[in-house]
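Below: one structure, written as structure tokens.
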Number of protein chains: 2
Amino acid sequence: MGTEGERLGLRERKKQETRIALSWAAIRLAVERGLDNVRVEDIAAEAGVSPRTFNNYFSSKGEAVAARHFDRARRIAEELRARPASEPLWEAVTNAVVERFALGQEGAGESTPDRQWLDGVRLMISDPALTGAFLAAATTAEAELAAAVAERTGTDVAADLYPRLVAGAVTAAIRVAMEQWLRADPPVSIVLLLRDALGQLAAGLPTPPHAS
Amino acid sequence: MGTEGERLGLRERKKQETRIALSWAAIRLAVERGLDNVRVEDIAAEAGVSPRTFNNYFSSKGEAVAARHFDRARRIAEELRARPASEPLWEAVTNAVVERFALGQEGAGESTPDRQWLDGVRLMISDPALTGAFLAAATTAEAELAAAVAERTGTDVAADLYPRLVAGAVTAAIRVAMEQWLRADPPVSIVLLLRDALGQLAAGLPTPPHAS
DNA sequence: GGCGGATATTGCGCGATCCGCATAATTACG
DNA sequence: CGTAATTATGCGGATCGCGCAATATCCGCC
């Protein structure tokens, strides 16, 4: 019998790989020609599986596109758990977020892997047909973040508003910061935007003395 | 000549009515038998229009179900604008939210109109196939709230993070409060939950001394 | 009161999606 | 190496979402 928690086998690995391959393929093609000009058949072909298999992994094209974002968001909770318990909550959260969302925002040419993820996010935000999947992914990941926050603060996910409130606000802050980042001209650092947004949250979102 | 801003005509009214009728029909049927057991044809029939017309109003069943929630969320921005400029932002926001989301939570039997909306929300939260549309609706309404916040605080929706950050956090808080409300046993006042959630936001989400 | 233009509704048809089901292929494990 | 379990695939069907063109309906104006 396999040690349950351990590495569940080489088979599971393969599954994750095809899942990721399908997601990347969906993103790449959708960015390139627009989502409606991409059929499931194309995505499946790009990933080297049958069309029917695509739907074993994702129930829609949108879900496939959002999957990468989902995985990334998931990691925030993971990262938060990994941070020393001595850090105050907001410091830990900020570090966790920055750690996972900081990407090579400069020097990168065109083909950085992050670059593709970025294009994917831009697409999900701009295409109305994708925002649903995008938000659903973020919200699902949010639940794990809430659990991590509950752990760290000694609150109860089921009974207290607090952990889910924090998770929800953080998720929203990340989204807003990314939206801003994507259209900022001239470009600004995503890290700065994230820190700014989370800082304002932790400060109680006081009305700024006057706009910039 | 029609006074421009006024009532834009009896025709527009009719459109809104069918839109609302379609949305209610979608909610009612979906609550009753589950979304997959409802076809577009059924919804259209219930609203007294042809199936083809349904898709002139909504691009999916989910969108139709979420439409009521969307309209309600929209009104928050409206209400916020209506509040006296003398009120501090968070007081105004809280009042606006409570004003629009407070519903007869007791004494009502089964057939209150609010009751149906409530069932709709419960459905959207529980059915994964609907959360996307639900969140998309909330996020779209969020943009209007951000605009209202910007107006009130003298910030710039395009340039500053602030107004969209507030709108995003408030939207998340409302969602979390409603989730909590829907499963609270024994029941608690939605108004209390909303005030609590928004209060914590305005306080900077400090880690509570210890869980309840 | 009735006409002309504009707008909404409808019917038709097609390509595509999503999923259940049964079968074949692949892998894990003894 | 063989058997059991898991996954990939092929097939079929019920819907869906929407473009298009024809029809019905409403609004504003004379």
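What you see is a predicted model; the values in this text were computed from it and never measured. Sequence lines set the chain letters: A, B, ... in the order given, protein chains first and strands last, and positions in each chain run from 1.
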Take the C1' atoms of the five end pairs on each side of the helix from C:dG1-D:dC30 to C:dG30-D:dC1, get both axes, and report the angle to 10 degrees. 40°
Does a donor on one side chain sit under 3.5 Å from an acceptor on the other, for A:Thr18 and A:Tyr57? yes
From CZ of A:Arg13 across to C1' of C:dA28 the rounded distance in Å is 17 Å
Indicate yes or no: at least one non-hydrogen side-chain atom of A:Leu194 is less than 4.5 angstrom from one of A:Trp181. no
Do B:Arg52 and B:Asn55 touch side chain to side chain, with heavy atoms closer than 4.5 Å? yes
In whole angstrom, give the distance that lies between atom CZ of A:Phe54 and atom P of D:dT7. 18 Å
Any B:Glu78 side-chain heavy atom under 4.5 Å of B:Glu144 side chain: no
Scan side-chain atoms only and decide if B:Gln116 and B:Arg68 contain a donor-acceptor pair under the 3.5 Å cut-off. no
Under 6.0 Å from the ring centre and within 45 degrees of the ring axis: does the NZ or CZ of A:Lys61 meet both conditions for the six-membered ring of A:Phe54? no
Can you list every pair that meets ring pair (Phe, Tyr, Trp, His ring centres under 6.0 Å) and has a residue in residues 62-84 of chain A, with sequence neighbours left out? A:His69-A:Phe134
Using 4.0 Å as the upper bound for N to carboxylate O, is an ion pair formed by A:Arg175 and A:Glu179? yes
Taking A:Glu142's backbone N and O only, do any of them form a donor-acceptor pair with A:Thr171's side chain (distance below 3.5 Å, no angle check)? no
Heavy atoms from other residues, nucleotides or ligands near CZ of B:Arg83 exceed 12 (cutoff 6.0 Å): yes
Specify the residues of residues 58-67 of chain B, ordered by number, for which at least one heavy atom lies under 4.0 angstrom from an atom of DNA chain D. B:Ser59, B:Ser60, B:Lys61
Atom CG of B:Asn55 and atom P of D:dC16: how far apart are they, to the nearest Å? 9 Å
Going by number, which of residues 21-48 of chain A have a non-hydrogen atom under 4.0 Å from DNA chain D? none
Side-chain donor or acceptor of B:Thr53 paired with backbone N/O of B:Val49 under 3.5 Å: no
So how far is it from B:Thr153 OG1 to B:Asp160 CG, rounded to the nearest 0.5 Å? 8.0 Å
Using a cut-off of under 3.5 Å, enumerate the N/O to N/O pairs linking the protein to nucleotides 5-9 of chain C.
{"unit_1": "C:dT7", "atom_1": "O2", "unit_2": "B:Arg11", "atom_2": "NH2", "d": "2.9"}
{"unit_1": "C:dA8", "atom_1": "OP1", "unit_2": "B:Lys15", "atom_2": "NZ", "d": "3.3"}
{"unit_1": "C:dT9", "atom_1": "OP1", "unit_2": "B:Tyr57", "atom_2": "OH", "d": "2.8"}
{"unit_1": "C:dT9", "atom_1": "OP2", "unit_2": "B:Tyr57", "atom_2": "OH", "d": "3.4"}

Donor/acceptor link under 3.5 angstrom from A:Arg52 side chain onto base of C:dG20: yes
Between side-chain atoms of residues 35-44 of chain A and protein atoms elsewhere (two or more places apart, or another chain), which donor-acceptor pairs fall under 3.5 Å?
{"unit_1": "A:Asn37", "atom_1": "ND2", "unit_2": "A:Arg33", "atom_2": "O", "d": "2.8"}
{"unit_1": "A:Asp42", "atom_1": "OD2", "unit_2": "A:Arg33", "atom_2": "NH1", "d": "3.2"}
{"unit_1": "A:Asp42", "atom_1": "OD2", "unit_2": "A:Arg39", "atom_2": "N", "d": "3.0"}

